[in-house]
Protein chains: 2
Amino acid sequence: MLTVSTVNVNGLRAAAKKGYVEWLAAAEADVVCLQEVRAEREQLPDHVVAPDGWHAAFAPAADKGRAGVGVLSRAEPTSVRVGFGDPEFDTSGRYLECEYDSLIAASVYLPSGEVGTPRQAEKERFMGAFLLHLTRLRQRAEAAGKEVVVAGDYNIAHTEADLKNWKGNQTNSGFLPEEREWFSRLLDGAGYVDVQRSLQPEGPGPYSWWSYRGKAFDNDAGWRIDYVLASPGLAAKAVEARVERAPSYDKRWSDHAPVTAVFDWPWL
Amino acid sequence: MLTVSTVNVNGLRAAAKKGYVEWLAAAEADVVCLQEVRAEREQLPDHVVAPDGWHAAFAPAADKGRAGVGVLSRAEPTSVRVGFGDPEFDTSGRYLECEYDSLIAASVYLPSGEVGTPRQAEKERFMGAFLLHLTRLRQRAEAAGKEVVVAGDYNIAHTEADLKNWKGNQTNSGFLPEEREWFSRLLDGAGYVDVQRSLQPEGPGPYSWWSYRGKAFDNDAGWRIDYVLASPGLAAKAVEARVERAPSYDKRWSDHAPVTAVFDWPWL
DNA sequence: CTTCAGATG
DNA sequence: CATCAGAAG
């Protein structure tokens, strides 16, 4: 069995004080992809960085207190790489890849974007370069006979089933037509599988992010923007996918909830 | 009876969430001088600014989120003045004076200073101008037949009895020889009385401020830097002075504790 | 160690 | 409505 979880922790220092540590201890995952760590390894206590039994790789952003991704795994990776080869994003704390004997696992955090600002252009540059990378990653993995999982916060809801207020968000970053088309290309073009949606074709939801503003969480006015994408061979072994909203997530320690996929596959 | 309290709240917004409101409700004071309000009136709910039965005057700093003093009183002041006539400090949120029929009450917050920096020079400029003001204030009050109380955070410990580690602080701002001499001039020169020390000649303490760093509060490693200074006629009526450290202050809502003086004097 | 402002999400 | 950095105390 291989269990992969992904969660945007919105600041690991804050999350660790509110319930992240307890969640991880109870999670029984094999690989955990983190986004928005917003800290360097040295700023965190050891038991938060890598609790007993875990190996941890981190890719902080050059800009202190921003972004930052990590991969925790019960097995030690045979290699770790930071960034995907685009100099603009290599030190932006947005991509980290860990390789194991039969698996490549990556954590990704897309820029959140904002229409009409340079941040949307940055997001689009990231999207272009990242799609290319994901295509090459599949080729590399196939040549090595490995499966691939790329989990993280994509900051894009794919279809109308992936956010509560889709009508009101058609001109907002995160649900723009070009963003949704790009996400389709990750699936139909690059050949990855959205594990949650493949097991659960019907929406709406389950959502993985709710704004802290207003009563969005209580009203389940959320977005599904955190995904476990898997190579087809691995996705075929998927037996479960869930958003860990409740009851395991009733004490909220991030604005995102963990997303977990379970594969009936002996990864070690 | 006239009861005057002074307290540096270290951010009234934070203090109000931690116990200030309950303290004030139980305090049975007539006049309360606040320092480090660190907010404008509009940033605070009405029940914090002026609970039922209180009148409130505030003098925020031009620099948002810094300094700021206030005077609460059960009687409405007949006049309120902000600053003491020195342009450098008039909008610095460090002095506020309220006049009543038979009393002038002021709240003061001296710059904290730091040896070897411009902040120490600023503190010294404040000290010079403020001593002059206090001298004139006594003259003005005497001419009007009123008593005076000037309460606040002076950021100076007067004698060796006024801080735990006096030996180690002789070259630090707050216990410099020139600061201690200046404080003596407030008493012997301008003719004010340190009410707490007059009622309680023996030290050490009681301290009114403990650093948040380390275990200073638990070890009572504090400083007495918050004072109620009174004109001699009023000071002669003093019947009690206390630092409200415990038990009324066991849930700490500031790094300073309230200092209270009680006068057997019918101020209204 | 704590406050707040300001940037970011 | 949160997180974090940085300045101040």
Side-chain angles (χ1 to χ4, degrees), chain A residues 8-18 20 35-40 43-44 60-68 92-94 109-115 117-120 122-123 153 155 172-174 209-218 221 223 225 252-256, chain B residues 8-18 20 35-40 43-44 60-68 92-94 109-115 117-120 122-123 153-156 172-174 209-219 221 223 225-226 252-256:
Chain A
N8 177 318
V9 295
N10 191 27
L12 188 49
R13 278 171 289 186
K17 289 176 183 153
K18 298 200 289 182
Y20 161 80
Q35 301 87 40
E36 279 206 87
V37 168
R38 301 181 68 173
E40 286 161 36
Q43 298 177 289
L44 293 155
D63 204 1
K64 277 170 66 80
R66 328 301 321 270
S92 67
R94 296 190 175 275
Y109 173 47
L110 263 75
S112 74
E114 186 178 0
V115 169
T117 76
R119 296 175 51 231
Q120 188 62 25
E122 182 195 346
K123 184 177 187 176
D153 177 358
N155 264 315
N172 289 139
S173 185
W209 174 78
W210 305 263
S211 171
Y212 272 130
R213 302 168 211 199
K215 310 167 296 302
F217 187 72
D218 295 335
W223 295 51
I225 57 180
R252 213 176 164 200
W253 44 265
S254 169
D255 49 349
H256 296 248
Chain B
N8 177 319
V9 296
N10 191 26
L12 188 48
R13 279 170 288 188
K17 291 177 182 149
K18 298 200 288 181
Y20 161 79
Q35 301 87 39
E36 280 207 88
V37 168
R38 301 180 70 172
E40 287 160 36
Q43 298 177 289
L44 293 156
D63 206 0
K64 276 169 66 81
R66 329 299 324 249
S92 68
R94 295 190 176 275
Y109 174 47
L110 263 77
S112 75
E114 186 178 0
V115 170
T117 76
R119 295 174 51 232
Q120 188 62 25
E122 182 196 347
K123 184 177 188 175
D153 177 359
Y154 286 76
N155 265 315
I156 293 172
N172 289 138
S173 186
W209 173 78
W210 305 263
S211 171
Y212 273 130
R213 303 169 212 197
K215 310 171 294 304
F217 187 73
D218 295 336
N219 298 339
W223 296 51
I225 57 179
D226 301 278
R252 212 177 164 200
W253 44 265
S254 170
D255 48 350
H256 296 249

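Convention: sequence-line order gives letters A, B, ...; per-chain numbering from 1. This one's a predicted model, so the numbers in the text were calculated from it and none came from an experiment.
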Could you work out which one of [options] sits closest to the side chain of [X]?
X       : options                : result
R13(B)  : dT8(C), dC4(C), dC4(D) : dC4(C)
R38(B)  : dC4(C), dG9(D), dG9(C) : dC4(C)
Y212(B) : dA8(D), dT2(C), dT3(D) : dT2(C)
R94(B)  : dG9(D), dT3(C), dT3(D) : dG9(D)
R66(A)  : dG9(C), dT3(D), dT3(C) : dG9(C)
R119(B) : dA2(D), dG9(D), dC4(C) : dG9(D)
S112(A) : dG9(C), dT3(D), dG6(C) : dG9(C)

(message) Counting only side-chain nitrogens and oxygens, does K18(B) get under 4.0 Å of the OP1 or OP2 atom of dT3(C)?
(response)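 Yes, K18(B) has a side-chain N/O under 4.0 Å of OP1/OP2 on dT3(C).
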(message) If the cut-off is 4.0 Å, is R213(A) near the phosphate of dG9(C), judged by side-chain N/O to OP1 or OP2?
(response)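 No, because none of the side-chain N or O atoms of R213(A) sits under 4.0 Å from OP1 or OP2 of dG9(C).
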Within this structure, what is the [atom1]-to-[atom2] distance between [X] and [N], rounded to whole angstrom?
X       : N      : atom1 : atom2 : result
H256(B) : dC1(C) : NE2   : P     : 18 Å
D63(A)  : dT3(D) : CG    : P     : 19 Å
Q120(A) : dT8(C) : CD    : C1'   : 15 Å
E114(B) : dA7(D) : CD    : C1'   : 12 Å
K64(A)  : dG6(C) : NZ    : C1'   : 17 Å
R252(A) : dC1(D) : CZ    : P     : 12 Å
I156(B) : dG9(D) : CD1   : C1'   : 16 Å
D153(B) : dT3(C) : CG    : P     : 17 Å

Classify [X] by what it touches in the nucleic acid, base, sugar-phosphate, or nothing, heavy-atom distance under 4.0 Å.
X       : answer
K215(B) : nothing
E36(A)  : sugar-phosphate
K17(A)  : nothing
Q35(B)  : nothing

(message) Just to verify, which of W210(A), Y212(A), W223(A) counts as forming a ring-ring contact (aromatic ring centres under 6.0 Å, His included) with F217(A)?
(response)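 It is W210(A), the one option of W210(A), Y212(A), W223(A) that forms the ring-ring contact (aromatic ring centres under 6.0 Å, His included) with F217(A).
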(request) Under the ring-ring contact (aromatic ring centres under 6.0 Å, His included) rule, collect the residues that match up with Y154(B), sequence neighbours excluded. (result)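 Once residues adjacent in sequence are excluded, the partners of Y154(B) under the ring-ring contact (aromatic ring centres under 6.0 Å, His included) criterion are F183(B), Y227(B).
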(message) Would the distance check show the side chain of E36(A) and the main-chain N or O of A67(A) forming a donor-acceptor pair, the cut-off being under 3.5 Å?
(response)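 No: the side chain of E36(A) does not pair with the backbone of A67(A).
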(message) So which atom in P111(B) and which in E122(B) form the shortest heavy-atom distance, rounded to 0.1 Å?
(response)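 Of all heavy-atom pairs spanning P111(B) and E122(B), the closest is CG-OE2, 4.1 Å.
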(request) Please list, chain by chain and in numerical order, all residues satisfying side-chain hydrogen bond (donor to acceptor under 3.5 Å, both in side chains) with R38(A), sequence neighbours excluded. (result)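 Checked R38(A) against side-chain hydrogen bond (donor to acceptor under 3.5 Å, both in side chains); matches are N10(A).
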(message) Tell me whether the rings of H256(A) and W209(A) are parallel (<30°), tilted (30 to 60°) or perpendicular (>60°).
(response)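 Plane angle between 30° and 60°, so tilted.
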